[in-house]
Amino acid sequence: MNADLIIYNIGQLVTGKELPIIASESPMENIEILKNGYIVICGSEIMAVGSGDVPSKLIKFTTKLIDAEGCVVTPGMIDSHTHLVHGGSRENEFVEKISGVSYLEILEKGGGILSTVKATQDSTEAELIARAKKSLKIMISYGVTTVESKSGYGLDSETELKQLRVNEILNHEQEVEIISTFMGAHALPEEYKDNRDEFIQSVIDLLPIIKERNLAEFFDVFCEEGVFSTEESRKMFLEAQKYGFKLRIHADEIKNTKGAELAAELEMYSADHLMAISEEGIKSLKNSNVIANLLPGTSFSLGKEYAPARKMIDAGIQVALSTDYNPGSCPTENLQLIMQIAALKLKMTPKEIFKAVTINAAKSLGREKRIGSLEEGKKADFVMFDAKNIEYILYHFGTNHTNKVFKNGCLVYKR
Ligand code: NIG
Ligand code: FE
């Protein structure tokens, strides 16, 4: 095996490899950071990682060498919760929203998610693809190489399938890997107001069709007061599990509905949001392998409480961080901004934050054997930052610190 590419003189190489947890540190600070590091790449995979001088036997005549000039290199970042594919935008609700009208009030009036549903139903597949590609380009520029993307702006079978097909097409037509989630239960359409069970059945009826066409790996529900109850959610999740879907959940976002407890009970991959998680919820996540996927950009944008990240991490829960990119509660593709908010508002440390967007995000998507850390045999997805240490990336907020981004060993973004 010959090295195609070597990055050397890396000031801080965040490999993301998990180290044994030390009692004096938080249980999320156990990621490896090498000083004066290098990575060796063969094709789309990592061949070696180390610190100090690159062993000369690895450098062949054809090997391309890149000097990182003492800067930070990290694994490609993973945005593990987005509503990437949608039509329209909602700036028409923005002034109302900042004047104090609540998210659920706007939804009850037929705005919010339901207005994006209409715009998505009215968009052609080609329009949705073009729109999502634009967002993915922005995401790559911030160092994101893998994105989870949910349906849920269709709420009818035709549009849900259209959104999921767009996910599939995007996987072939641009560089970011898309992981597809079916979220048919994202809101209750007006016409089902007095017929909730019929709508829930329509979501369940779509499961085998989506499975057969291999259009989604995960299943998600908006379990929330006024949206889908815990009982309704459990019913759909159990059906999805029967068809082999992996589970994730919008849990305890606005009101506590024991979503975290449900995630633990059904051994889901992730419980997302958790701004209103209870002590009981924290206990149940602690005793599970569920990743707590926190989305502080949503609290920031909705003017809501932040999830009690410190409490969760100190209790031993593993946390991921994502944008929740969507046209309503968090209209930004910028994962670095979310990481900066996590530092300032969730009081997460730089090491915890980088763990949250790399190996823990990979775990929340069941991809930790392939991506999420820079280790021999894993995918050569990595980011070269224009910063000498990880603290700087979080402290200097609102700017993009990315210099170069590589996916599968190929340069996909250059400042
Ligand atoms: O994760 N909470 C539900 N879904 C999204 C918001 C979607 C929207 O407002 O369009 C969220 O916050
Ligand atoms: Fe969401």
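All ligand and atom numbering here is 1-based and tracks the order in the structure.
Of all the atoms in ligand 1, the ones that sit under 4.0 Å from a non-hydrogen atom of His83 are 1 (O), 4 (N), 5 (C), 11 (C). Near His273, meaning under 4.0 Å from one of its heavy atoms, ligand 1 places the atoms 1 (O), 11 (C), 12 (O). Of all the atoms in ligand 1, the ones that sit under 4.0 Å from a non-hydrogen atom of Arg90 are 8 (C), 9 (O), 10 (O). Which parts of ligand 1 touch Phe222 is read off a 4.0 Å heavy-atom cut-off, strictly below it: atoms 2 (N), 3 (C). Heavy-atom proximity to His81, at under 4.0 Å, picks out these atoms of ligand 1: 1 (O).
Taking atom 7 (C) of ligand 1 as the reference point, the nearest protein heavy-atom neighbour is Tyr153 OH, 3.2 Å. For atom 4 (N) of ligand 1, the closest heavy atom belonging to the protein is His186 NE2, 2.7 Å. Closest to atom 12 (O) of ligand 1, if we only count protein heavy atoms, is Ser329 OG, 2.6 Å. Of all protein heavy atoms, the one closest to atom 11 (C) of ligand 1 is Asp324 OD2, 3.1 Å. Here the protein heavy atom with the shortest distance to atom 6 (C) of ligand 1 is Tyr103 OH, 2.9 Å. In this structure, atom 2 (N) of ligand 1 lies nearest to the protein heavy atom Glu253 OE1, 2.7 Å.
Among the heteroatoms counted here (N, O or S) of Asp324, OD1 is the one nearest to the Fe ion (ligand 2). His250 contributes atom NE2 as its closest N/O/S atom to the Fe ion (ligand 2). Restricting His83 to its N, O or S atoms, the one at the least distance from the Fe ion (ligand 2) is NE2.
The aromatic rings of His250 and His186 sit tilted, their planes meeting at an angle between 30° and 60°. Between Phe385 and Phe354, the ring planes lie perpendicular to each other; the angle is over 60°, past the 30° to 60° tilted range. A perpendicular orientation is assigned to the rings of Tyr392 and His396, their planes being inclined by more than 60° (bins at 30° and 60°). The aromatic rings of His83 and Tyr153 lie tilted to each other, with the angle between the two planes from 30° to 60°.
For a threshold of 3.5 Å applied to N or O pairs, the pair formed by Thr298 and ligand 1 contains no separation below that value. For ligand 1, none of its N or O atoms has an N or O atom of Thr116 under 3.5 Å away.
Taking the ring axis of Tyr269 as reference, the NZ or CZ atom of Arg248 does not stay both within 45° of it and closer than 6.0 Å to the ring centre. Cation-pi geometry between Lys404 and Tyr413 is not met at under 6.0 angstrom from the ring centre and within 45 degrees of the axis.
Taking a 4.0 Å cut-off on heavy atoms, His86 fails to register as neighbouring ligand 1.
Ring centroid separation for the pair His86 and Tyr325 comes in under the 6.0 Å cut-off.
Inclusion of His81 in the first shell of the Fe ion (ligand 2) is supported: an N, O or S atom falls under 2.8 Å.
The closest donor-acceptor contact from the side chain of Ser373 to the backbone of Glu375 lies at 3.5 Å or more, if one exists at all. At least one donor-acceptor pair closer than 3.5 Å links the side chain of Arg415 to the backbone N or O of Asn400. Not one N or O on the side chain of Asp79 forms a donor-acceptor pair closer than 3.5 Å with the backbone of Leu335.
For Lys109 and Glu96, the salt-bridge test passes: some basic side-chain N is under 4.0 Å from an acidic carboxylate O.
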